[in-house]
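Accompanying notes for the structure given below.
None of the values given here were measured: they were computed from a predicted structure. Below, chains carry the letters A, B, ... as their sequence lines are ordered, and counting in each starts from 1.
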There are 2 protein chains.
Amino acid sequence: MSKIRLLLVDDHEIVRAGLRMLFLAEPDMEIVGEAGGGADAIRAVADLHPDVVLMDVAMPGMNGIEATRRIKEANPETAILALTMYEDEQYFFEMLNAGASGYIPKRAAPDDLVSAIRVVSQGNVFLYASLARFLLNEVLPTHDAKAGDSLTEELTPREREVLTHIAEGKTNREIADVLIISPKTVDRHRENIMQKLNLHSRVELVKYAISRGLIRVE
Amino acid sequence: MSKIRLLLVDDHEIVRAGLRMLFLAEPDMEIVGEAGGGADAIRAVADLHPDVVLMDVAMPGMNGIEATRRIKEANPETAILALTMYEDEQYFFEMLNAGASGYIPKRAAPDDLVSAIRVVSQGNVFLYASLARFLLNEVLPTHDAKAGDSLTEELTPREREVLTHIAEGKTNREIADVLIISPKTVDRHRENIMQKLNLHSRVELVKYAISRGLIRVE
DNA sequence: ATCTTTGTGGGGCGAATCCCCCATACGCGA
DNA sequence: TCGCGTATGGGGGATTCGCCCCACAAAGAT
């Protein structure tokens, strides 16, 4: 029986080193390559044709979801096992939709990981216990909005108001019209907000606002 | 390490005999009981508390679906692996809904079967390759039709890649450097994305990307 | 063999953003 | 009373954005 050929994809060298150590102890598995990002992963799959790709989901640049989609498109026989820090419903479905054959968190026991690799290498599907509930539970009402934090102390009420409008997508001009103040004043508030939070673009502001629950997406 | 305690449930003695022979070769598994029908299976689980129940789906009297439902109700920690002759979509979903942690056809290789047992004994989910497509074809589209699928069809891979970078807060110039293309090409992709999605600013793009799970806010 | 899609680029232009400078006024606590 | 924070506003300028125009090559579909 030939060994299961593995490709490791994770942007953290430390994580890959840990996985290398882990698979040294498995005589029926060998690591044939590594990639630090989605684009590298696609090239590596094309070059090496691994049996199983261990794919991190969240990576800078091309993330694991997109990389998975493209690998499966070009190489359907390659099994992809999502290995992630996030036990998140959205990621879970996105990865399966992209073509992943398995989903396992990084906190899982090593035995579970090697077991998952054997399963997906045969074309079967492995889902970690904590993720399985997503299949049947549909939507979990886990909307525990934790309000009141550093934001309340760092920003003034007016600044929070301006930040909310910015996060909603309004321009300075539009915000000025709503608040009945000068566009320059809105700009002034925006500057102060960015300075306080050490952010440097509207995109960063909107992500900050979302993370603090100031606005809600969709 | 203690052995995985198995209960065999099948109305055909000959099938159970085959399984007995199979598991004799597995030192980490032992058969603690057998049942020839659903009602017997429920009693056997109550008496023996096996780790994994190998459950035939189609049986005279109480079938495997109903038996699974009742066993999981009274004994949620018992893992149930559906072992069936039918690779049928209807049975597949009904068994999962009833609480089965795995689904494997009888024609599967013995190695796949023992692998599946090890997986479900840990609380994880095993789905045989030929059944996996049901998940992607039926469950996922209906589930995330509200979040994630339109994006896959509307945007090209390159556009999704550019959108991810935009949502991370990069400027066109920075994205161009990463992708090794001209800033004008990035701008071109951005224009196409906005046109396709009917969005008109980077802020709207980032919120869209977040709502579709392309990036994550922490 | 032609058409469409995708990806790649260029030029230009008005608007908006982002980051400095500056100022006035109010309220509140030390 | 003297700061200090908050809110208000102006000027300027480098950069980026958003949206038009245009083109060409490769790959797939029809």
Side-chain angles (χ1 to χ4, degrees), chain A residues 38-39 42-43 46 61-62 66-67 69-76 98 150-209 214, chain B residues 150-209 214:
Chain A
I42 292 171
R43 280 191 293 273
M62 188 191 297
E66 182 63 27
R69 195 170 357 241
R70 298 218 203 166
I71 288 172
K72 291 300 285 188
E73 196 174 328
N75 234 315
S150 62
L151 177 139
T152 307
E153 290 145 45
E154 288 179 23
L155 298 184
T156 69
R158 195 57 155 177
E159 284 167 350
R160 282 196 299 276
E161 196 172 2
V162 169
L163 176 53
T164 301
H165 287 296
I166 288 176
E168 284 171 353
K170 294 190 179 76
T171 68
N172 293 339
R173 172 86 252 168
E174 292 169 339
I175 298 170
D177 289 344
V178 172
L179 301 183
I180 331 251
I181 55 179
S182 162
K184 286 303 289 186
T185 301
V186 177
D187 209 47
R188 174 84 276 168
H189 286 309
R190 178 198 52 76
E191 279 194 67
N192 290 335
I193 295 166
M194 284 185 174
Q195 207 270 319
K196 285 181 178 178
L197 304 179
N198 192 30
L199 301 178
H200 305 87
S201 76
R202 279 174 125 76
V203 165
E204 292 179 18
L205 285 180
V206 63
K207 292 199 287 186
Y208 181 89
L214 259 184
Chain B
S150 61
L151 176 140
T152 306
E153 290 156 39
E154 289 181 20
L155 298 184
T156 70
R158 197 56 157 177
E159 287 167 348
R160 286 193 297 273
E161 197 171 0
V162 169
L163 176 54
T164 302
H165 286 295
I166 287 177
E168 285 172 354
K170 296 190 179 75
T171 67
N172 293 338
R173 169 90 255 169
E174 292 168 338
I175 297 169
D177 290 343
V178 172
L179 300 184
I180 331 241
I181 56 179
S182 161
K184 287 302 290 185
T185 302
V186 178
D187 210 47
R188 172 88 277 161
H189 286 308
R190 178 198 53 75
E191 279 193 66
N192 290 335
I193 295 166
M194 285 184 173
Q195 206 270 321
K196 285 181 178 179
L197 304 179
N198 193 29
L199 301 177
H200 306 85
S201 76
R202 279 175 126 75
V203 166
E204 292 180 23
L205 285 181
V206 62
K207 291 199 288 183
Y208 182 89
L214 258 185

In 5'-to-3' order, the base (B), backbone-only (S) or no-contact (-) status of each nucleotide in nucleotides 21-26 of chain C, using a 4.0 angstrom heavy-atom cut-off, is BB----

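Close to dG10(C), at under 4.0 Å from its OP1 or OP2, lies a side-chain N or O of Ser182(B). Contact annotation: Thr185(B) side-chain N/O to dG7(C) OP1/OP2 distance is not under 4.0 Å. Here Arg202(B) does not reach the OP1 or OP2 of dT17(C): none of its side-chain N or O atoms lies under 4.0 Å away.
The NE2-C1' distance, from His200(B) to dA15(C), rounds to 15 Å in whole Å. Atom CE in Met194(B) sits roughly 14 Å away from atom C1' in dC20(D) (whole-Å rounding). Summarising the geometry, the separation between CD on Gln195(A) and C1' on dT6(D) is reported as 15 Å, rounded to the nearest angstrom. Remark: P of dA26(D) and CZ of Arg158(B) are 17 Å apart, rounded to the nearest angstrom.
Two residues are said to be in side-chain contact when any heavy atoms from C-beta on lie closer than 4.5 Å; Thr185(B) and Arg158(B) fail this criterion. Looking at heavy atoms from C-beta onward, Thr164(B) lies in side-chain contact with Glu168(B) at the 4.5 angstrom threshold. You'll find the side chain of Lys196(B) stays beyond 4.5 Å of the side chain of Asn198(B), heavy atoms only. In this structure, the side chains of His189(A) and His165(A) stay at 4.5 Å or more apart for every pair of heavy atoms. Here the side chains of Leu163(B) and Tyr208(B) are in contact, with some heavy-atom distance below 4.5 Å.
Each of Asn192(B) and Arg190(A) lies near DNA chain C, and the nucleotide nearest Asn192(B) is the one positioned closer to the 5' end.
Proximity note for His189(A) (side chain, C-beta onward) versus dC19(D), dA7(D), dG9(C): the nearest is dA7(D).
Direction of the helix axis in the helix from dA1(C)-dT30(D) to dA30(C)-dT1(D) shifts by 40° between the two five-pair termini, rounded to 10°.
Evaluation of the side-chain hydrogen bond (donor to acceptor under 3.5 Å, both in side chains) rule for Lys72(A) yields no partner, not counting sequence neighbours. Annotation: side chain to side chain contact (heavy atoms under 4.5 Å, CB included) contacts of Ile166(B) (sequence neighbours excluded): Val162(B), Ile175(B), Arg190(B), Arg202(B), Leu205(B).
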Please list, for nucleotides 12-14 of chain D, all pairs of protein and nucleotide N/O atoms separated by less than 3.5 Å.
residue, atom, partner, partner atom, Å
dG12(D), O6, Lys184(A), NZ, 3.0

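For the contact set between residues 167-181 of chain A and DNA chain C, defined by any heavy atom under 4.0 Å, the members are Thr171(A), Asn172(A).
Ion pairing between Glu204(B) and Lys207(B) fails under the 4.0 Å rule for side-chain N and carboxylate O.
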